[in-house]
Amino acid sequence: MLSHTLIKNLLASTTFGTEVNARGWVRTRRGNKNIAFIALNDGSTIHSIQVVAEMSKFSEDLMKKITTGCCLSVTGDLVQSHGKGQTVEIQAKQVEILGEADAETFPLQKKEHTMEFLREIAHLRPRTNTFGAVFRIRHHLAFAIHKFFNDRNFYYLHTPIITGSDAEGAGEMFHVSTLNAANPPRNPDGSVNFAEDFFGKETNLTVSGQLEGELGALALGLIYTFGPTFRAENSNTPRHLAEFWMIEPEMAFHDINDNMDLAEEMLKYLVSYVLEHGADDLQFLNDRYDKELLARLRSVTEKKFARITYTTAVDMLTTSGKTFEYPVKWGSDLQKEHETFLVEKHNAPVIITDYPREIKAFYMKQNDDGKTVRGMDILFPWIGEIIGGSQREENLEKLQQRIREMKLPEKELWWYLDTRKFGTCVHSGFGLGFERLALFVTGMSNIRDVIPFPRTPKNAEF
RNA sequence: UCCUCGGUAGCUCAGCUGGUUAGAGCAUCUGACUGUUAAUCAGAGGGUCGCUGGUUCGAGUCCAGCCCGGGGAGCCA
């Protein structure tokens with residue numbers, strides 16, 4: 001049992017006249033020499049509770065220390081509010097300052113701050129209404145992901161964070177080593193001798209749990225991963241992080257269509273879940289930052305996602321009459337401006353399938369036309385690619401052929417190829433960028449504002 | 001990484017074609033006000049103008065390099 005009551009429960013209570021204890025941080029304080037009004041927030045909800053303190057009941061010294069940011073324990077009677085703006089408040093009988101916050105140096109003020117400034121004080125920004133809302137929503141999303149998969153008989157598989165494989169081909173990797181960087185052991189030819197490193201070989205942080213996820217799916221049937229992912233790309237955009245979280249389901253006996261069905265159902269479920277369980281926080285974000293947010297979220301849960309092939313997409317772009325900065329050509333990857341056009345044209349999320357094999361990863365299932373593979377990308381408004389996935393090539397010879405064509409280290413993938421050698425089957429999966437989803441759901445404009453402590457080029461503070 | 005915009009008080013910004021002691025709003029502090037809702041009103045304090053170098057009688061202002069941040073692009077989730 002808690003010794004105090006969460007503010008979200010106090011605000012929902014109607015048992016007036018009872019003595020309660022609340023603990024939290026002071027958001028604002030108003031008043032005069034007779035009475036003080038303190039907005040107290042404990043993070044349990046976006047809403048603060050109003051504490052009313054009559055100055056005569058407390059020492060001058062104590063009241064002086066109640067400033068924005070300080071931490072209080074307040075005991076008093078829960079009463080109906082006399083004032084407008086709130087229905088309940090606490091008539092304080094005892095106030096204890098658990099932690100002072102010097103008003104001259106506490107950086108959060110009772111005014112709006114820019115996101116850029118708050119990023120510089122990421123240790124304190126969770127105490128703002130905005131970041132409180134964002135991080136509560138982030139929690140709801142994470143919980144809903146586990147619930148969605150658990151309810152559908154998926155098993156949560158933990159894939160490694162340190163990987164000895166660099167064959168995933170998803171960008172630059174962070175090296176993991178315990179060697180002395182200033183003076184590493186060397187081979188006769190001058191190269192670093194990783195045989196002397198901690199794992200006896202060169203290792204990196206994972207860029208994807210997919211390959212290991214496939215191993216799980218070909219045993220447990222339905223699995224998903226949900227863990228941190230690392231990309232050492234020098235990406236400086238509002239949509240990229242060096243450390244982010246990714247969800248990667250992998251399903252045996254599922255083809256590309258089953259894959260799309262699951263992805264669409266999942267996205268709609270997750271958005272609906274937050275609409276229901278994060279309603280207060282979403283309302284705040286909607287009112288404060290993005291008046292279209294709630295409407296946009298509801299529309300995603302209702303609209304059927306458009307499904308078109310890459311070839312159709314290229315046709316639509318070339319016959320659109322629009323001139324693009326980057327020319328549209330069958331065989332080239334779609335650019336941001338092309339994706340934006342397709343999403344706006346359909347006025348709904350768009351799933352694009354059957355990409356040219358040359359622009360996609362080695363593990364994607366090859367179509368009979370010899371030109372395309374069964375990959376799928378889901379494009380969302382503004383966010384762009386929120387999901388990337390495919391049916392996997394389950395045929396050993398075709399897979400080996402692609403590995404050789406792309407000059408990948410076949411030997412290092414022996415364990416992956418073994419799944420095609422022993423009891424292979426049709427299977428599919430996709431990767432969902434957790435922060436990209438959080439970006440869409442919260443309506444924030446920069447991905448650094450939907451993760452508590454963002455890691456980006458030149459920034460690993462906190 | 002490329003393009004572009006920016007860095008002046010705790011925060012958000014103004015500061016003209018270089019020219020005396022660098023301004024405002026909010027915040028903070030002091031005072032006023034018997035219930036406030038971003039409370040209100042009056043007053044006060046607060047600055048190495050991102051860093052380094054250069055041009056000049058004189059640089060917040062012009063030039064170069066660097067650092068950091070925003071937006072756009074690429075890479076991708």
Side-chain angles (χ1 to χ4, degrees), chain A residues 27-39 47-56 64 67-69 79 81-86 89 91 101-121 129 168-172 206-210 226-248 263 288 324-326 333-337 339-340 359-361 377-380 383-389 430-440 445-451 456-459 461:
Chain A
R27 282 292 158 77
T28 65
R29 178 201 166 157
R30 297 176 290 273
N32 50 49
K33 67 179 173 189
N34 300 300
I35 193 162
F37 301 96
I38 302 157
H47 303 295
S48 298
I49 196 163
Q50 173 156 283
V51 174
V52 183
E54 285 173 42
M55 302 294 269
S56 58
K64 221 176 168 148
T67 56
T68 300
V79 297
S81 179
H82 304 190
K84 292 172 189 127
Q86 61 280 318
E89 62 190 25
Q91 202 72 44
D102 176 30
E104 301 247 20
T105 51
F106 184 65
L108 288 172
Q109 301 169 3
K110 44 183 162 185
K111 59 172 262 187
E112 285 189 48
H113 285 112
T114 60
M115 292 295 137
E116 290 81 10
F117 172 67
L118 291 171
R119 245 169 253 154
E120 290 169 13
I121 52 166
N129 288 332
E168 289 144 354
E172 290 294 306
T206 183
V207 293
S208 164
Q210 180 199 315
F226 186 1
T229 309
F230 307 87
R231 304 272 166 94
E233 295 288 349
N234 191 9
S235 296
N236 294 288
T237 85
R239 289 177 283 276
H240 289 84
L241 290 164
E243 176 184 291
F244 64 99
W245 290 66
M246 189 153 65
I247 298 97
E248 295 180 290
R288 192 58 152 307
F324 295 101
E325 191 187 335
Y326 291 85
D333 224 338
L334 298 177
Q335 303 296 314
K336 186 87 195 306
E337 56 176 346
E339 296 180 354
T340 304
I359 59 171
K360 287 293 180 183
D377 285 355
I378 302 188
L379 308 180
F380 260 39
I383 309 285
E385 187 180 343
I386 199 166
I387 277 180
F430 61 82
L432 166 69
F434 185 58
E435 282 76 16
R436 290 211 176 151
L437 177 65
L439 203 51
F440 178 76
S445 50
N446 192 309
I447 203 164
R448 296 161 200 209
D449 299 328
V450 298
I451 187 167
T456 51
K458 308 290 183 203
N459 182 13
E461 193 71 53

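Chain letters run A, B, ... following the sequence lines, proteins first and then strands; every chain starts at 1.
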Ignoring hydrogens and geometry, is there a side-chain-to-backbone donor-acceptor pair from A:Glu89 to A:Val52 under 3.5 Å?
no
From CZ of A:Phe434 across to C1' of B:rA77 the rounded distance in Å is 13 Å
Can you tell me if the side-chain N/O atoms of A:Lys33 get under 4.0 Å from OP1 or OP2 in B:rA32?
no
Protein-nucleotides 66-74 of chain B N/O pairs under 3.5 Å:
from   : atom 1 : to       : atom 2 : distance (Å)
B:rG70 : OP1    : A:Arg119 : NH1    : 2.6
B:rG70 : OP1    : A:Arg448 : NH1    : 3.3
B:rG70 : OP2    : A:Arg448 : NH1    : 3.3
B:rG71 : OP1    : A:Asn446 : ND2    : 3.4
B:rG71 : OP2    : A:Asn446 : ND2    : 3.4
B:rA73 : OP2    : A:Arg239 : NH2    : 3.1
B:rA73 : O2'    : A:Tyr326 : OH     : 2.8
B:rA73 : N6     : A:Asn236 : O      : 3.4
B:rG74 : OP1    : A:Gln335 : OE1    : 2.7
B:rG74 : OP1    : A:Lys336 : N      : 3.2
B:rG74 : N2     : A:Asn234 : O      : 3.3

Minimum heavy-atom distance between A:Glu339 and A:Gly384, given as atom pair plus value
OE1-CA, 4.0 Å
Between B:rA59 and B:rA22, how far apart are the C1' atoms? Round to whole Å, please.
13 Å
Hey, does A:Leu432 reach any base, or is it just sugar-phosphate, or nothing, if we go heavy atoms under 4.0 Å?
nothing
So which heavy atom on A:Leu439 is nearest to which on A:Arg239, and how close?
CD2-CG, 4.4 Å
Considering only the C1' atoms, how many Å lie between B:rA24 and B:rC66, rounded to the nearest integer?
32 Å
Has the side chain of A:Arg436 got a donor or acceptor atom that lies under 3.5 Å from a matching backbone atom of A:Glu385?
yes
To the nearest angstrom, the CD1-C1' distance between A:Ile35 and B:rU34 comes to 7 Å
Below 3.5 Å is the cut-off: list the nitrogen or oxygen pairs between protein and nucleotides 44-52 of chain B, distance only.
none

Just to be sure I understand the rule, does A:Glu89 reach a base, reach only the sugar-phosphate, or reach nothing, if contact means heavy atoms closer than 4.0 Å?
base
A:Asn446 vs A:Glu116, side chain to side chain contact (heavy atoms under 4.5 Å, CB included): CA-CA, chis, key distance, verdict:
CA-CA 10 Å; A:Asn446 192 309; A:Glu116 290 81 10; over 6 Å; no
Enumerate, in order of first residue number, the stems that involve RNA chain B, defined as 3 or more consecutive Watson-Crick or G-U wobble pairs with both distances under 3.5 Å.
B:1-7 with B:67-73, B:10-13 with B:23-26, B:28-32 with B:40-44, B:50-54 with B:62-66
Is the shortest heavy-atom distance from the side chain of A:Glu461 to the side chain of A:Glu120 under 4.5 Å?
no
Could you tell me how far B:rU40 sits from B:rG35 if I compare only their P atoms? Round to whole Å.
14 Å
If you assign each of A:Arg436 and A:Thr68 to its closest nucleotide in RNA chain B, which residue comes earlier from the 5' end?
A:Thr68
Nearest whole angstrom, please: distance from the C1' of B:rA38 to the NE2 of A:His113.
12 Å
Spacing of A:Asn129 atom CG relative to B:rU37 atom C1', expressed in whole Å:
13 Å
For B:rA39 and B:rA27, measure between their C1' atoms and round to the nearest Å.
15 Å
State whether the distance check finds a donor on one side and an acceptor on the other, under 3.5 Å, for side chain A:Gln50 versus base B:rU36.
yes
Return the value, rounded to whole Å, for the distance between atom CD of A:Glu112 and atom C1' of B:rA27.
14 Å
Taking atom C1' in both B:rC49 and B:rC13, compute the distance separating them and give it to the nearest angstrom.
13 Å
May I ask you to verify if any side-chain N or O of A:Arg30 is less than 4.0 angstrom from the OP1 or OP2 atom of B:rA39?
yes
Rounded to the Å, how far apart are A:Arg27 CZ and B:rA39 P?
13 Å
Looking at every non-hydrogen atom in both residues, tell me the closest pair between A:Ile35 and A:Met55 and how far apart they are.
N-CG, 3.4 Å
Out of B:rC29, B:rC11, B:rA77, which nucleotide sits closest to the side chain of A:Ala103?
B:rC29
Assign A:Phe244 to base, sugar-phosphate, or nothing according to its heavy-atom contacts below 4.0 angstrom with the strands shown.
base
Write down the distance separating the P atoms in B:rU48 and B:rU36, rounded off to the nearest Å.
41 Å
Examine B:rG35: is either OP1 or OP2 under 4.0 Å from a nitrogen or oxygen in the side chain of A:Asn32? Give yes or no.
yes
Looking only at atom C1', what distance separates B:rA73 and B:rG15, rounded to whole Å?
34 Å
Using every non-hydrogen atom in the two residues, find where A:Glu248 and A:Gly209 come nearest and quote the distance to one decimal.
OE1-N, 2.7 Å
Give A:Gly388 one of three labels, base, sugar-phosphate or nothing, depending on what nucleic acid heavy atoms sit under 4.0 Å from its own.
sugar-phosphate
What's A:Gly31 touching, base or sugar-phosphate or nothing? Going by heavy atoms closer than 4.0 Å.
base
Quick check, does A:Phe37 stack with B:rG35? I mean ring centres under 5.5 Å and planes off by under 30°.
no
For A:Asp102 and B:rG10, what is the distance between atoms CG and P respectively, to the nearest whole Å?
14 Å
Which pair of heavy atoms, one from A:Gln50 and one from A:Arg30, lies closest together, and at what distance?
OE1-NH2, 3.4 Å
Atom pair distance, as rounded to whole Å: CD in A:Gln109 and C1' in B:rU28:
8 Å
Between B:rU28 and B:rG71, how far is it from one P atom to the other, in whole Å?
29 Å
Looking at A:Pro228, is its backbone amide N or carbonyl O close enough to the side chain of A:Glu243 to form a donor-acceptor pair, meaning the two atoms are under 3.5 Å apart?
no
What's A:Thr105 touching, base or sugar-phosphate or nothing? Going by heavy atoms closer than 4.0 Å.
nothing
Pick the nucleotide of RNA chain B nearest each of A:Trp245 and A:Gln86; which residue has the one closer to the 5' end?
A:Gln86
Within a strict 4.5 Å, meaning less than it, do heavy atoms of the A:Arg119 and A:Asp449 side chains meet?
yes
CD/A:Glu112: more than 12 non-hydrogen atoms of other groups inside 6.0 Å
no
So does A:Thr68 get a backbone contact from the side chain of A:Arg29, meaning a donor-acceptor N/O pair under 3.5 Å?
no
Would you check, one step at a time, whether the test side chain to side chain contact (heavy atoms under 4.5 Å, CB included) holds for A:Lys360 with A:Asp377?
CA-CA 11 Å; A:Lys360 287 293 180 183; A:Asp377 285 355; 3.1 Å; yes
Report which part of the nucleic acid A:Ile247 touches: base, sugar-phosphate, or nothing (heavy-atom distance under 4.0 Å, all strands).
nothing
